[in-house]
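This chain uses plain numbering: 1 for the first residue, then up along the sequence.
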Amino acid sequence: MNASAPGNAERHRPLAARFVEAPHVAAPDKAEQRLGDWLSGLEPAQSAAIDALLDPPNAKKILLGIAEFSPYLFDLVGADAGRLIRILSRDPELHLGALIEETSHAVWSAAGETDVTHLLRRMKAEAALLIALCDIGGVWPVMRVTAALTDLAVASVQMALRFLLRQEAARGRIEPPDPERPEVGSGLIVLAMGKMGAGELNYSSDIDLIVFFDRNATSLVSDIEPQPFFVRVTQAMARLLQQRTGDGYVFRVDLCLRPDPASTQVAI
């Protein structure tokens, strides 16, 4: 069966039951102790749920490998037991899609940038752990892994821009034809370049974007100057995605691939 296109029976199996391989653990006693120490500190119901999900042999081996070799992933595991339970107990394709959709709705209705910053980073953390587990466990081939990371980046950019344009509409600076999708007809064009443009992002990739705007955009209120407006929106989008907080960051944003970056604005 092609791992990138699971059949119906496979599609609804939880991730914990679908691992087909696991890393070799060089120091199993130390890894067992680290994993055990974390489990012993959880609420009994959470600990029992995770124990049950680790019953398939490869599932526990993968967590032991993460405990030994990947501090970043083990920090994601340790920070939120409920997140790990959700990931292991659901179909990864369906869960990733639902995670992006739910976050999109939450970002759209967020009260301010602080809430959006938290929501986007929480989505990134859960998606990063899910994708890495699918990768390490042989559930997804490498091209599905890079495509999933790219889908996450595309969704993150879209969510940030949609929220920012919604705010600008509320301030009376734009009058979008469709208030529910203020990006449509806004005059803003964002092109993904490099690995993102090719659908081949890896775990440490930044995202390369070129931003253009239409000077004759009909959504702008007549007294708003296009260039300062779209430059401000672009800078705010980059800040929402790459500013480091206690929750980390979403993606580093590189806007320097635009023509003559030394003498042009970030939106041209």
Side-chain angles (χ1 to χ4, degrees), residues 96-128 130-131 147-171 173-197 199 201 203-214 217 219-220 224 226-258 265-268:
L96 182 60
L99 174 65
I100 291 173
E101 184 176 359
E102 289 164 9
T103 304
S104 179
H105 289 308
V107 166
W108 172 255
S109 59
E113 287 193 15
T114 300
D115 293 337
V116 173
T117 297
H118 175 67
L119 287 164
L120 290 175
R121 282 150 185 77
R122 189 176 67 181
M123 175 184 70
K124 169 65 183 296
E126 186 153 341
L130 183 156
I131 294 166
L149 290 166
T150 305
D151 290 345
L152 180 65
V154 170
S156 299
V157 172
Q158 290 175 333
M159 289 179 207
L161 287 173
R162 183 172 288 183
F163 169 78
L164 292 166
L165 291 171
R166 188 204 83 182
Q167 283 195 317
E168 297 296 347
R171 293 169 182 145
R173 293 172 180 158
I174 60 172
E175 296 175 344
D178 182 356
E180 296 298 312
R181 296 191 301 159
E183 72 279 11
V184 176
S186 66
L188 188 65
I189 302 128
V190 181
L191 300 182
M193 308 294 286
K195 290 185 177 69
M196 183 178 177
L201 282 186
Y203 296 105
S204 61
S205 296
D206 56 9
I207 57 175
D208 299 308
L209 303 175
I210 297 180
V211 180
F212 298 96
F213 65 89
D214 179 1
S219 65
L220 281 176
I224 299 295
Q227 186 164 55
F229 174 83
F230 286 114
V231 165
R232 187 173 64 251
V233 169
T234 300
Q235 291 170 333
M237 176 268 293
R239 183 179 66 250
L240 282 174
L241 296 180
Q242 68 183 8
Q243 185 176 41
R244 288 183 179 272
T245 71
D247 298 314
Y249 65 95
V250 189
F251 288 96
R252 298 184 307 275
V253 180
D254 187 349
L255 296 166
C256 292
L257 292 188
R258 65 188 184 276
Q265 295 280 4
V266 294
I268 56 178

Q: Nearest 0.5 Å please: distance from the CZ atom of R121 over to the OG atom of S156.
A: 9.5 Å
Q) Does E168 use its side chain to pair, donor to acceptor, with the backbone of I174 at less than 3.5 Å? A) no
Q | Minimum heavy-atom distance P177-V184, with the two atoms named | A | CD-O, 3.6 Å
Q | Rounded distance (nearest 0.5 Å) linking atom CG of L119 with atom CG of L240 | A | 11.0 Å
(Q) Check this for me: E101, atom CD, are more than 12 non-hydrogen atoms of other residues, nucleotides or ligands nearer than 6.0 Å? (A) no
**Q.** Distance (rounded to the nearest 0.5 Å) between T234 OG1 and L161 CG
**A.** 7.0 Å
Q.
Using modelled atom types and a 3.5 Å cut-off, is there a donor and acceptor pairing between side-chain atoms of R258 and backbone atoms of F212?
A. no
(Q) If you count heavy atoms of other groups shown closer than 6.0 angstrom to CZ of R171, is the number above 12? (A) yes
Q) So how far is it from F213 CZ to S186 OG, rounded to the nearest 0.5 Å? A) 12.0 Å
Q) Shortest non-hydrogen contact from L164 to M237? A) CD1-N, 3.4 Å
(Q) Restricting to ring-ring contact (aromatic ring centres under 6.0 Å, His included), what partner residues turn up for F229, sequence neighbours left out? (A) none
Q | Euclidean distance, S109 OG relative to F163 CZ, rounded to 0.5 Å | A | 10.0 Å
Q: Over all heavy atoms of both residues, which pair between F230 and L220 is shortest? Give the atoms and the distance, please.
A: CE1-CD1, 3.8 Å
Q.
Closer than 3.5 angstrom, by distance alone: can the side chain of R166 be matched with the main-chain N or O of R162 as a donor-acceptor pair?
A. no
**Q.** Taking every non-hydrogen atom, the tightest pair across A238 and L255
**A.** CB-CD1, 4.5 Å
Q: Looking only at non-hydrogen atoms, find the nearest pair between V211 and V266 and report the distance.
A: CB-O, 3.6 Å
**Q.** Side chain to side chain, H118 and T114, heavy atoms closer than 4.5 Å
**A.** no
Q | Atom of L201, atom of M196 and distance for their closest heavy-atom approach | A | CD2-N, 3.6 Å
Q) Is any side-chain heavy atom of L152 closer than 4.5 Å to a side-chain heavy atom of K124? A) yes
Q. Does the side chain of D208 reach to within under 4.5 Å of the side chain of K195, using non-hydrogen atoms?
A. no
Q. Backbone N or O of P176 within a donor-acceptor pair of the R181 side chain at under 3.5 Å?
A. no
Q | N/O donor-acceptor pair under 3.5 Å between T117 side chain and E113 backbone | A | yes
Q | From R232 atom CZ to Q265 atom CD, the distance as rounded to the nearest 0.5 Å | A | 12.0 Å
Q | Check: E183 and L188 side chains under 4.5 Å, non-hydrogen atoms | A | no
